[in-house]
There are 2 protein chains.
Amino acid sequence: MPEFTQEQFEHFTRPRSLAVIGVSERTGPQAYNLVENLDEAGASCRIYPVNIRAAEIAGRRAYRSVIEIPEVVELAVISTPREAVAGALRQCVHKGIRSVVVATQGFADADAEGVRLQRELDGILAGTGTRLIGPNTIGVANLLDGFHTSFQKFDLSANATAWLCQSGTFVLGAAEFSGGLGIGIDIGNGADVGFADLLPWVARDPRIKVINLHIEGLRHAAQFLAAAARITPVKPVVVYKTGRSEAGARAALSHSGSLSGEDHVFDAAFRKAGILRAGSVEELADLNKALLTYDGIAGRRIGVVTISGGAGIAAVDALGAHGLEVASLSPQSRARLQPLFPSWFEVDNPVDFWPAAMRGGYRETCAAVLDALLADPGVDAVLFVIAAYRATGLAVIGPVLAAVAERAAVHRDKPVAFWVFGANQDEAIAEAERRGPLAGFRSPERAARALAGLDRYASAARAAARTPAQISGVQPATVASILGGFTATDPEVAGAATLAMLEAYGVPVATARLALDARGAAVLGEEMGYPLVMKIASPDIVHKSDAGGVMLNIRDRAQLRDAYAQMLARTRQARPQARIEGVHLQRYLANGTEVIIGARRDPEFGVVLLFGLGGIFTEAIRDVAFRLAPLSESEAHEMLREIRGCAVLQGARGRPAANEAALVDCLLRVSRLMEDFPRIMELDVNPLSAGAQGAIALDARAVLAPSSR
Amino acid sequence: MPEFTQEQFEHFTRPRSLAVIGVSERTGPQAYNLVENLDEAGASCRIYPVNIRAAEIAGRRAYRSVIEIPEVVELAVISTPREAVAGALRQCVHKGIRSVVVATQGFADADAEGVRLQRELDGILAGTGTRLIGPNTIGVANLLDGFHTSFQKFDLSANATAWLCQSGTFVLGAAEFSGGLGIGIDIGNGADVGFADLLPWVARDPRIKVINLHIEGLRHAAQFLAAAARITPVKPVVVYKTGRSEAGARAALSHSGSLSGEDHVFDAAFRKAGILRAGSVEELADLNKALLTYDGIAGRRIGVVTISGGAGIAAVDALGAHGLEVASLSPQSRARLQPLFPSWFEVDNPVDFWPAAMRGGYRETCAAVLDALLADPGVDAVLFVIAAYRATGLAVIGPVLAAVAERAAVHRDKPVAFWVFGANQDEAIAEAERRGPLAGFRSPERAARALAGLDRYASAARAAARTPAQISGVQPATVASILGGFTATDPEVAGAATLAMLEAYGVPVATARLALDARGAAVLGEEMGYPLVMKIASPDIVHKSDAGGVMLNIRDRAQLRDAYAQMLARTRQARPQARIEGVHLQRYLANGTEVIIGARRDPEFGVVLLFGLGGIFTEAIRDVAFRLAPLSESEAHEMLREIRGCAVLQGARGRPAANEAALVDCLLRVSRLMEDFPRIMELDVNPLSAGAQGAIALDARAVLAPSSR
């Protein structure tokens, strides 16, 4: 992929000269005429309409082709019928134009002919240095510099957000999705320029505070994730990923020809790169508002100030649903607040201020309560619940908002958010936001989710900045030699060889080793360490347990000796005819919990790791955690704690807790093994027995790529 | 509890005469003067201000007490300081006033003195026939008849919704929570009149189409649920239950002195009564809008019509998240639509209409697409996705909305909902809703949730109309006799006796029965049926399995005979000194899955039944389903299918599927046993082994009330 330069980014987003190819002569309402739109928007670039039939368009001379234009324009926008696009693009390349937007629909988003036409565009671009956004796009909207390429008029307020998307809806509708727009780019079918090209340049613009992505599917995922991980520690990136449901994924395929990967893999990838995922368009809007309004949040302890006890309880529920805590007020804060209230009222959080406001005035009470909460070291943010009824208008709450805004501006370290209800809700929210660093929301659930979003961003920024764990004690040569034994036609590698590869990477494995007699068993026992499992080694005994041929939890040499003698005696008695070769010894964990570690190589995202409790939990309940390799230690710990069945590992039902460090170590080593050997496409350690002392792989399997790479 | 009559309801909600006790002389903004408010609202009732100091209030003669008023008013509203409330209430009772609202705060919502004062009010009312709403309430707002008792002015639009709540916020803010208000009543602390009293009368008003409840805690739950279950099959009841989180429950206790029960029990109760629970204030608003706008929905298959492919995918995701399906268009519909589109465009659902609109006009295309979808028998409802940008205003989409409204009005059986985005969103939503039976939403997620809400209501209405299952083959006398054996000081009933009670109610139990010799075993085998488990009966052998003293899955008489001989021989050899009494036989299920059926008697809601997979699933993952007794057959089936681990019962991991009918039968019988014997406070069947042939209780325990009832 050729490098996407800053110059190209600037030509796409604020060109000094522009050719508009295929623009119609029509102007006026519903003419969708870009030249006219740009004139209305007061764009300062030189504009050259290109139309094979017209002499003049929107008061300008029209050219029959870009070739005739008296300069090499910085950007060309093509919106001819799809059959004419390739010809127009060839002329652009010929003329030396390096940046082209193809707006026309009907390419990979449509039928087989469209797929062919899009491939033709690829061919025209190859090796030319010309870059293309589209096809099937509204292109670029840069409201910070007064430029756009959309056939729709732009009527948005400029703000500090950016959008990179696969549907013009998210640029045209940015008022709703991010409260306005700074720079928006619709990559459409993404035939050439994609998210990975654009993201670093958008992020470098100091006027942009929040970057939004709308993703249906993703190409060049590794490059994209690497770019995002560099950005998220300093600037939030929010994603709205659609095609989540099966039906949605099908629809995405036909919309932009995107390959929609599995949604849980996207989740793992976003997490890896520190990207915040929004689950709904309203969450998008709320996250943007919070990230634009506040400088950050130090913790999860929220003070609630409410005009209504009932609404305060709703707010507390909402905080709980989003992982926030109801702050405990300090004795100092309580002492400071109590005199404002009637004697029968015990001050607590939520602070139900109405009984105080009836005595001391609405504005005065709110100001005093807020002063106390913002001064309390146990409070990280404040959620204000107020009513804005039509009858009273802003006359009553205007002064309250002013007093709150004044204090919020001083305490930029502690976000102050509002839930406003009542018929004058929108007016009151606008007034609050106009007054200072305040964000207003239409429900307690949305206010809480937005505050929690600030904390999510803080965690995501830390996560993206993590480095993969360092792993020692791995023997790549051993694994290479084992893999060498499998030909291109052996895709499946069963137990023993997979366990051997794991062992070479330091994962404890329960290889079964044969002892031919009591002395051999004693020697093996010393070598392998205790506890051990002993199983009778006989080709004639299938159900070993029934024949007395299994002994668990052998703890020392003496027990081993007794066990050997008893097992031989018992099985000979039970099955006098059976040939007995000796016993197999395997390492054993007393009271181990069976877990699974899985790894799969995704074509776009690389190695995806899975952790779960195995068996029913993994297959029927899908109680599993996913992460992308390479794992950091924190990520491995997170995987263990993320599953619902985590309590089982922590020692539910009287079992000892599993050794977390040992499980983390196994996860990191499997991650490293997959990183080091791209030929391994899948690897499942199942079961891995996790006990108090450590973890041991009891069985495993791998799938290899057809040929060595 | 005295009956709450229609006359009392009418006196509370549209009195012909009213005493306002404790009203202040102040009028004007922020005076919170009810007399003035009612005059402004044009209330037609006779109003008597009562104030011990003033001679005239808001242009009316003021009385020193209700005693002096020249008539017995139908309603009195008391808002004196809390110390004076009891005296005022005594005077009301003395005067013969039967309906009183106590607005004053500071009772059970406050300190110990407040609790005492509230109890004093209870005492004053006892035996008088006077009913009280409050204390700590804004009282009643009946906008359909132009009356309210609130110190806040009312500025809401009247609509066909009702609110019964524990916080005035939901009445005052009803514009937001239900789009307006018909009748709203805040029960405040609920010292006397509660939800169960009011619900039937509100439901009986034909002007009310949707009833909303805001619940923090509940008293007289059984009466309330019975009332609700009679209403929900004909009129939707929606609840916003707060105090869901632990912190929220604590806050609820201090707000209205409510006892907040466990949230999952409320969920089970709402479900039983057919009440729809809304999880957020926005879901409340959206459910109300959908239930007010549409007549219902026939199924879950949704046609999506969208201006943008990307937005269409977002809509499809939203449908999936709310359990709705993307309708498959009939060949007829496809054939009808294809000519509108360019040849490269393949018509599918979602119908991305833009390429057609560019050729055939926006309004014409939308009308034609909608006609086709509404005529398609595979489409139950339509979700329209449109943009309303500021630049174009309603000029572009106004005609589209008109065309859509016209068709929606004809097809009242198929709801048509909008997701509108863009800066003119609110204006467009209002215009759509003004034009016809259309509801507009600000996000695809909310539109989908609202359509799903119609389907939820249809299911809830059916559920509430169900009758408990009929159970035969129960032996109450046997259970009574077993219970008779336990004294008041024996709260815990262990295995054998509990299994015996279950057996008397027809639950198959694996009672261990002793056979003294081979012949005895054979006789028992015939009696008990196969398969069986045989265990050695010996006081000296603790680990029976190790001594060869357990044989599973004995399938017939021959196997039983062999097993007896082998077991005796083996255990005598392994433990020559052990006294052997014979063998125990227990019924056995091959490959059974262990599940748990639990039952607990809740002080408010009666018997709560639990079903889960037992063990870790119940304890660590909390993967359990709850329902209230008495169970209907459908409810029992729902419980099995509701748990995440349901796939395990359906035969995951190569096991046979569990017998659903047998599990349902066990649930119904446990439900009946708990209903019939109130002395049983808790009962756990754990484990119940569920196999392909049936289910058998392997162990159980019960907890009894201290004394027989």
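Letters A, B, ... mirror the listed sequences (proteins, then strands); counts begin at 1.
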Practice task
Please report the closest heavy-atom contact between B:W344 and A:A110, naming both atoms and the distance.
Solution key: CE3-CB, 3.2 Å

Practice task
Identify which part of B:E346 has an atom lying under 4.5 Å from any heavy atom of chain A, answering side chain, backbone, both or neither.
Solution key: neither

Problem - Most chain B-contacting option - heavy-atom pairs closer than 4.5 Å, from A:G106, A:G173, A:P350 - result: A:G106

Problem - B:T242 versus A:D317, closest heavy-atom pair with distance - result: CA-OD2, 3.1 Å

Exercise for the section: Considering only heavy atoms and a distance below 4.5 Å, find which of A:R446, A:E325, A:M358 pairs most often with chain B. Expected result: A:R446

Practice task
List for me each residue that meets ring pair (Phe, Tyr, Trp, His ring centres under 6.0 Å) alongside A:F170, sequence neighbours excluded, and say none if there are none.
Solution key: A:W163, A:F177, A:H214, A:Y240

Practice task
Counting only heavy atoms closer than 4.5 Å, note whether B:V304 contacts chain A via side chain, backbone, both or neither.
Solution key: neither

Exercise for the section: Answer yes or no: is there an ion pair linking A:R442 with B:E176, defined by an N-O contact shorter than 4.0 Å? Expected result: no

Problem - From CD (A:E113) to OG (B:S343), nearest 0.5 Å - result: 9.5 Å

Practice task
Select one option (side chain, backbone, both, neither) describing which atoms of B:F151 are under 4.5 Å from chain A's heavy atoms.
Solution key: side chain

Exercise for the section: Using non-hydrogen atoms and a 4.5 Å limit, figure out which bit of B:D426 sits close to chain A: side chain, backbone, both or neither. Expected result: side chain

Practice task
Report the residues that fulfil side chain to side chain donor-acceptor pair (under 3.5 Å) with A:R363, sequence neighbours left out, ordered by chain and then residue number.
Solution key: none

Handout entry: Spacing of B:L172 atom CG and A:S308 atom OG [to the nearest 0.5 Å]
Key = 9.0 Å

Exercise for the section: Specify the closest pair of heavy atoms between B:V281 and A:P444, including all atoms of both residues, with the distance to one decimal. Expected result: CG2-CD, 3.6 Å

Completion exercise
Looking only at B:S280, B:G422, B:A318, B:A423, the option with the highest number of non-hydrogen pairs under 4.5 Å against chain A is B:S280

Practice task
Check each atom of B:E445 against the heavy atoms of chain A and say whether the ones under 4.5 Å are side chain, backbone, both or neither.
Solution key: side chain

Practice task
Report the option among B:A285, B:G320, B:A175, B:A314 that has the most heavy-atom pairs separated by less than 4.5 Å from atoms of chain A.
Solution key: B:A314

Practice task
Work out which heavy atom in A:E216 is nearest to a heavy atom in B:G310; give both atom names and the distance.
Solution key: OE2-CA, 3.3 Å

Exercise for the section: Identify which part of B:Q573 has an atom lying under 4.5 Å from any heavy atom of chain A, answering side chain, backbone, both or neither. Expected result: side chain

Problem - Between B:P355, B:A174, B:G168, B:A112, the one whose heavy-atom pairs under 4.5 Å with chain A are most numerous - result: B:P355

Handout entry: Atom pair CG/OH of B:L156 and A:Y389 - distance to nearest 0.5 Å
Key = 8.5 Å

Problem - Separation between CD of B:Q105 and CG of A:D352, rounded to the nearest 0.5 Å - result: 6.5 Å

Problem - Minimal non-hydrogen separation, A:S167 against B:A311, with atom names - result: OG-N, 4.3 Å

Problem - A:Y362 versus chain B, the contacting section by heavy-atom distance below 4.5 Å - result: neither

Practice task
Tell me, for B:I307 versus chain A, whether the close heavy atoms (under 4.5 Å) come from the side chain, the backbone, both or neither.
Solution key: neither

Practice task
Could you look at B:F421 and say if it's the side chain, the backbone, both or neither that has a heavy atom under 4.5 Å from chain A?
Solution key: both

